[in-house]
Structures are given as C-alpha cells and as structure tokens.
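Naming: A, B, ... by sequence-line order, numbering from 1 per chain.
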Amino acid sequence: MRGKELRRSLSVLPIGTVMKLTSLTARQIRYYESQKLIFPQRSDGNRRLYSLADVDRLLEIKDYLDDGLNMAGIREVYDQKQRESEQRKNQDHQLTDDDVRKILHDEFLQAGGLKTPSAQQPQAPLQKPL
DNA sequence: CTTCTAACA
DNA sequence: TGTTAGTA
C-alpha cells in the first residue's frame with residue numbers, strides 16, 4: 001500500500017544524476033544541503049546519495065526561489081510543515097476527556113461482570129481517524 | 001572518470 | 001554562484 005513511497009525514499013542517486021534531473025549545478029545542490037533544505041544520505045566513500053523525494057524537493061526549492069524566497073524563507077516553509085505533521089502525530093495519540101470517560105466506563109462494566117467482553121460493540125476506538 | 005571539501009586573481 | 005585544486 002506504500003511501496004511507492006518507500007522507493008521514493010530510497011537514496012540511490014549520485015549527485016551527477018540529480019544534476020541532470022534538476023538542471024542544478026553540484027555547487028547549488030550541495031549549498032542547499034548546507035542550508036538544511038535537503039538531507040541526502042551518505043555512503044561509499046562519503047558520497048551523497050539522493051532519493052526521488054530529494055529530487056522533487058530540489059525541484060520545489062527551485063520554484064520557491066523563482067517566487068523570490070531566500071534560503072531562510074524556504075527553510076521556514078519546511079520547518080512549518082514538519083511542525084504541523086508532528087502535531088498530527090500527537091493528536092492521534094491524545095485521548096479526549098470523552099474517550100477516557102468511555103474507556104473507564106467500559107472497563108467498569110467488564111470488571112463488574114455485568115457485560116460479556118465479546119458483546120462489545122460501542123467500544124471506544126483506541127485512536128481517532130485522521 | 002566522478003565526487004568531495006575548502007578556498008578565492 | 002562559479003571555479004579550481006588536491007583527494008578519495
């Protein structure tokens with residue numbers, strides 16, 4: 001269900017290939033990395049290895065540059081998106097007061113033997129959908 | 001031959 | 001950003 005995302009994240013492209021795919025110079029690609037806009041992996045003898053996701057990101061960076069943004073500005077955009085996705089992760093694992101109330105209530109019924117664990121229909125989900 | 005880091009007539 | 005030097 002996500003084999004494609006996995007392959008998009010596989011870092012196997014040398015900088016030379018990325019140059020052709022993005023029309024950027026090696027200098028620029030390395031510079032953007034120094035500005036923390038991309039994080040290619042390293043391998044072999046300290047050589048940079050890029051993923052297709054990295055290539056897309058570089059293409060995206062080029063667009064932002066055309067829109068007049070500087071390195072710091074682009075980084076803020078990505079930092080912002082990263083913070084938003086982190087909040088979503090926490091949100092999924094945070095139970096609302098109502099959820100806690102329901103869980104406690106269900107456990108109480110089970111402990112009292114007034115209800116069979118098999119006939120559990122209105123069980124509170126452990127986590128909410130996105 | 002390709003890539004890397006560091007540096008600048 | 002370009003470019004070059006000296007490596008790995």
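Looking at D106(A), its side chain never comes within 3.5 Å of a backbone N or O of I103(A) through a donor-acceptor pair. At distances below 3.5 Å, at least one donor-acceptor pair connects side-chain atoms of N70(A) with backbone N or O atoms of A72(A). Between the side chain of D67(A) and the main chain of Y64(A), no donor-acceptor pair closer than 3.5 Å is present.
Computed from coordinates, the R30(A) CZ to dA7(B) P distance equals 15 Å when rounded to whole Å. We find that CG of L13(A) is positioned 15 Å from C1' of dT3(B), with the value rounded to whole Å. For the pair D44(A) CG and dC4(B) P, the interatomic distance rounds to 10 Å; values are reported in whole Å. Atom pair K62(A):NZ and dT1(C):P shows a separation of 11 Å (rounding to whole Å applied). dG2(C) atom C1' lies 10 Å from atom CD of Q28(A), rounded to whole Å. Distance CD1 (I29(A)) to P (dT1(C)): 11 Å, rounded to an integer number of Å. Across the protein-nucleic acid pair, M19(A) atom CE and dG2(C) atom P stand 10 Å apart, rounded to whole Å.
For the atom pair CD (E33(A)) and CD1 (I29(A)), the distance works out to 10.0 Å, reported to the nearest 0.5 Å.
Look at dG2(C): its Watson-Crick or wobble partner, with both distances under 3.5 angstrom, is dC8(B). Nucleotide dT7(C) is matched to nothing when pairs are restricted to Watson-Crick or G-U wobble geometry with both distances under 3.5 angstrom. Searching all strands for a Watson-Crick or G-U wobble partner of dT3(B) with both distances below 3.5 Å returns nothing.
Between dT1(C) and Y32(A), a contact under 4.0 Å exists linking OP1 or OP2 to a side-chain N or O. The phosphate of dT3(B) has neither OP1 nor OP2 within less than 4.0 Å of any side-chain N or O from R48(A). For the OP1/OP2 pair of dT1(C) and a distance below 4.0 Å, the side-chain nitrogens and oxygens of T25(A) include no atom meeting the criterion.
By the criterion of side-chain heavy atoms lying less than 4.5 angstrom apart, applied directly or through intervening Ile, Leu, Val, Met, Phe, Trp or Tyr residues, I38(A) is grouped together with M19(A) in one hydrophobic cluster.
Here G45(A) lies out of heavy-atom contact (under 4.0 Å) with every strand.
Side-chain proximity of R47(A) to the nucleotides dG2(C), dT3(B), dT1(C) is greatest for dT3(B).
Between I15(A) and R27(A), the residue anchored nearer the 5' end of DNA chain B, judged by the nucleotide with its closest heavy atom, is I15(A).
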